[in-house]
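All ligand and atom numbering here is 1-based and tracks the order in the structure. Atom set for the values below is all heavy atoms of this structure, side chains included, hydrogens, waters and symmetry mates excluded.
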Amino acid sequence: MTTSPPVLEVVRDAAAVAHAAADEIQELITGRPAAVLALPTGRTPLPLYAELRRRYQAGHIDFGQVQTFNLDEWVGLGPDHAGSYARFMREQLFSHVNLRPENCHLPNGLAPDLAAECAAYEELIQRAGGFGLAVLGIGRNGHIGFNEPGTPFDSRTHVALVTEETREANRWSFPPGVDPPDRAITVGIATLLEAERILLLVTGAEKAAALERALRGPVDPLVPASALQLHPRVRVIADAAAAHHLDADARTRGG
Ligand code: F6R
């Protein structure tokens with residue numbers, strides 16, 4: 001297998017990022033109805049999930065056999081907590097499309113034995129055959145999933161300490177007065193790198209520096225997303241604001 005660097009595609013805005021990402025997901029599921037997807041939460045994928053809901057309602061995507069694995073979940077939050085990623089996913093996607101509940105996986109943030117929960121989640125991913133497509137966002141500090149700077153590239157699903165900066169960046173998704181936890185269960189970098197394909201979505205000028213370091217800087221655990229340079233099939237879809245430090249590759253389109 002010959003490796004090739006991540007392909008950067010720059011489109012006009014967040015809506016165009018969502019559209020291009022939905023095209024890839026739709027194409028994958030059409031060709032492989034039982035596709036296994038890794039999915040992110042956060043602000044970045046909100047327009048993508050809206051677009052997937054729309055395409056499902058229009059009859060363009062059938063999620064009936066698809067399996068999903070979320071990248072992460074907060075430690076200490078149950079699925080009904082307003083800040084939990086389980087709830088986020090139900091509200092944004094799961095309850096709107098024909099994904100079967102038993103095919104939608106998230107780590108259990110309330111597990112009494114967190115190490116056992118991490119091992120079980122990793123095992124579930126492996127039993128599903130790994131990710132056919134891992135959809136990722138990126139943190140301002142270059143994190144992917146909740147693999148914060150310094151996380152070893154050979155990491156598997158584990159409990160991560162969430163940096164103060166990342167907690168602040170997530171405050172919007174919590175009710176007023178409720179602090180984001182300081183720990184989360186996250187899929188590890190090694191597991192992500194085993195995905196057949198990776199789709200990194202990046203929007204907004206505040207991500208420009210992280211994107212540049214991820215794609216053009218050295219491969220370094222201090223920039224977790226730089227690990228993507230080691231994967232042979234990474235497609236990065238960025239809006240113009242996020243990509244303004246970078247020369248896009250040949251497949252650039254839009255403004
Ligand atoms: C969330 C996740 C994180 C986010 C990243 C960007 O499941 O894995 O890595 O993708 O923190 O978050 P937003 O999109 O809110 O800027």
If you measure only the distance, is there a donor-acceptor pair under 3.5 Å linking the side chains of Tyr121 and Asn70?
-> no
Closest to atom 16 (O) of ligand 1 among protein heavy atoms sits Lys207 NZ, 2.6 Å
Just need the protein heavy atom nearest to atom 10 (O) of ligand 1, so name the residue and atom and give the distance.
-> Gly137 CA, 3.3 Å
Heavy-atom proximity to atom 3 (C) of ligand 1 ranks first, among Gly139, Pro224, Gly145, Ala225, for Gly145
Tell me, which protein residue and heavy-atom name are nearest atom 7 (O) of ligand 1, and how many Å apart are they?
-> Asp72 OD1, 2.6 Å
Given Phe88 and Leu46, is the side chain to side chain contact (heavy atoms under 4.5 Å, CB included) satisfied, shown in steps?
-> CA-CA 10 Å; Phe88 175 100; Leu46 288 171; 3.7 Å; yes
Taking atom 1 (C) of ligand 1 as the reference point, the nearest protein heavy atom with its distance | Thr41 OG1, 3.2 Å
Could you check atom 5 (C) of ligand 1 against the protein and tell me its nearest heavy-atom contact, residue, atom and distance included?
-> His143 NE2, 3.4 Å
protein heavy-atom neighbour closest to atom 6 (C) of ligand 1 works out as Ile138 O, 3.3 Å
re atom 14 (O) of ligand 1, the protein heavy-atom contact at minimum distance is Thr44 OG1, 2.5 Å
Taking only heavy atoms of Pro40, which atoms of ligand 1 are found under 4.0 Å from at least one of them?
-> 7 (O)
Nearest-contact summary for atom 15 (O) of ligand 1 - protein heavy atom, Å | Arg43 N, 2.8 Å
Enclosure of Glu27 CD (heavy-atom neighbours >12, cutoff 6.0 Å) | no
Check the surroundings of atom CG in Leu124: do more than 12 heavy atoms from other residues, nucleotides or ligands lie under 6.0 Å from it?
-> yes
Kindly indicate whether the side chain of Glu148, heavy atoms from C-beta on, has any atom under 4.5 Å from the side chain of Thr166.
-> yes
Side chain to side chain contact (heavy atoms under 4.5 Å, CB included) between Arg90 and Asp80, intermediate numbers included | CA-CA 10 Å; Arg90 277 203 311 281; Asp80 292 323; 3.2 Å; yes
Which of the numbered atoms in ligand 1 are below 4.0 angstrom from a heavy atom of Leu71?
-> 8 (O)
Can a donor-acceptor pair be found between the side chains of His105 and Gln67 at a distance below 3.5 Å?
-> yes
For atom CZ of Arg171, is the number of surrounding heavy atoms from other residues, nucleotides or ligands below 6.0 Å larger than 12?
-> yes
